[in-house]
Amino acid sequence: SSKNTINTNSKINIFVTHSYGLHWFLEKKIDCLGLLNFFSAPSFINFQKNPKKAKISLDLMIKKFQIPPKFVLDEFYKSCGITKNKLTGKVNRKKLLKSLKDLRSKNYEDHFLKLSDKISNVFATEDKIFDLSPEKLDSLMDCKKKKIIINSNHHAYPFLQPKETAMIIKNYLKNIKK
């Protein structure tokens, strides 16, 4: 049987993250050649246009998790642009709740600033989940870190637009070799 492993010492790793995936990646402090990040920042709260509103939304999701999480997930997917829940599988309630709490409290700005120059960040103009503040983003991004702005309001853009997302990834991989 084969086992998936991450060689965190290899500098030839290239990661593609989406949303909470960036927090996972930054927490692991993985050294890699490249990172393509979709719709996230090192602090979910601090980079929102309205941090107070983002905190309230997360608090509400955390509170609603006391009832069966299916309702909370269905509401979340709707906000992401997924009208019919095509995602199946058992939900690990404990891990999901921990992730929500981490999004609310953790900040990985220091580590993000130390990352290599082979980083691209993709953001949506009207993301209903991560409503990015352009001013706050500019303070975080140096000239080495690239950003791509997509005209969309769907946080689930990579899932809903797989061909467009594949092109973004393909272009990123082509440019990282340079």
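Residues take their numbers from the sequence shown, with the count starting at 1. Because only heavy atoms are used, hydrogens play no part in the values below, and waters and symmetry mates are left out as well, while side chains stay in.
- Every residue was checked against the salt bridge (Lys or Arg N to Asp or Glu O under 4.0 Å) condition with Glu126, not counting sequence neighbours, and none meets it.
- Between Ser40 and Asn37 the shortest heavy-atom distance is O-ND2, 2.9 Å.
- Under the ring-ring contact (aromatic ring centres under 6.0 Å, His included) criterion, Phe76 pairs with no residue, sequence neighbours left out.
- Placement of Tyr20 and Leu60 in two distinct hydrophobic clusters is found when ILVMFWY residues are connected by side-chain heavy-atom separations under 4.5 Å, directly or transitively.
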>> Please determine whether side-chain contact (heavy atoms from CB on, under 4.5 Å) holds for the pair Cys32 and Phe25, giving the CA-CA distance in whole Å, both sets of side-chain angles, and the decisive distance to 0.1 Å.
In response: CA-CA 10 Å; Cys32 65; Phe25 173 85; 3.7 Å; yes
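- Annotation: the span from Met167 atom CE to Lys174 atom NZ amounts to 6.0 Å, rounded to 0.5 Å.
- The side chain to side chain contact (heavy atoms under 4.5 Å, CB included) test applied to Leu137 returns Phe123, Leu132, Met141, Lys147, not counting sequence neighbours.
- Considering all non-hydrogen atoms of both residues, Leu36 and Ile169 come closest at CD2-CG1, 3.6 Å.
- Looking at Gln48 and Ser57, their side chains never come closer than 4.5 Å, going by heavy atoms from C-beta outward.
- By the side-chain hydrogen bond (donor to acceptor under 3.5 Å, both in side chains) test, Asp127 pairs with His155, sequence neighbours left out.
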>> Asn46 vs Lys136, test: side-chain contact (heavy atoms from CB on, under 4.5 Å). Steps then yes/no.
In response: CA-CA 8 Å; Asn46 291 355; Lys136 291 176 186 172; 5.8 Å; no
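- Judged as a side-chain hydrogen bond (donor to acceptor under 3.5 Å, both in side chains), and not counting sequence neighbours, the contacts of Arg104 are Asp59.
- A distance of 10.0 Å separates OG in Ser120 from CD1 in Ile168, rounded to the nearest 0.5 Å.
- Counting all heavy atoms, side chain and backbone alike, Leu33 lies closest to Ile176 at O-CD1, 3.9 Å.
- For the atom pair CG (Leu26) and CD (Glu109), the distance works out to 10.5 Å, reported to the nearest 0.5 Å.
- Nearest heavy atoms, Leu103 versus Ile45: O-CG1, 3.9 Å.
- By the side-chain hydrogen bond (donor to acceptor under 3.5 Å, both in side chains) test, Asn151 pairs with Thr125, sequence neighbours left out.
- Inter-residue side-chain proximity for Asn107 and Phe112 is flagged as unmet; no heavy-atom pair is nearer than 4.5 Å.
- Phe130 and Ile56 fall into different hydrophobic clusters, defined by Ile, Leu, Val, Met, Phe, Trp and Tyr side-chain heavy atoms under 4.5 Å apart, directly or through other members.
- Phe38 and Pro158 get closest at one heavy-atom pair: CD2-CG, 3.9 Å.
- Screening residues 48-57 for salt bridge (Lys or Arg N to Asp or Glu O under 4.0 Å) gives Lys49-Asp131 as the qualifying pairs, with residues at least two apart or on separate chains.
- In this structure, Thr17 OG1 and Ile119 CD1 are separated by 9.5 Å, a value rounded to the nearest 0.5 Å.
- Take Lys128 and apply the side chain to side chain contact (heavy atoms under 4.5 Å, CB included) test, not counting sequence neighbours, and it matches Asn153.
- Between the CG atom in Leu97 and the CE atom in Met61 there is a gap of 10.0 Å [rounded to 0.5 Å].
- Taken from NZ in Lys29 to OH in Tyr108, the straight-line distance is 7.5 Å, to the nearest 0.5 Å.
- Annotation: side-chain hydrogen bond (donor to acceptor under 3.5 Å, both in side chains) contacts of Gln161 (sequence neighbours excluded): none.
- Proximity of a side-chain donor or acceptor of Tyr172 to a complementary backbone N or O of Leu35 within less than 3.5 Å is detected.
- Annotation for Leu22 and Pro42: closest pair CD2-N, 3.8 Å, computed over non-hydrogen atoms.
- Following chains of ILVMFWY side-chain contacts shorter than 4.5 Å, one can reach Phe71 starting from Phe65, so the two form part of one hydrophobic cluster.
- Side-chain contact between Leu96 and Val72 is absent, with no heavy atoms from C-beta onward closer than 4.5 Å.
- For Lys98, the side chain to side chain contact (heavy atoms under 4.5 Å, CB included) partners at least two apart in sequence or on another chain are Asp102.
- Remark: Glu27 engages Lys106 in a salt bridge (Lys or Arg N to Asp or Glu O under 4.0 Å) (not counting sequence neighbours).
- Qualifying side chain to side chain contact (heavy atoms under 4.5 Å, CB included) partners for Ser152, counting only residues two or more places apart in sequence or in other chains: Ala124, Ile150, His154, Tyr157.
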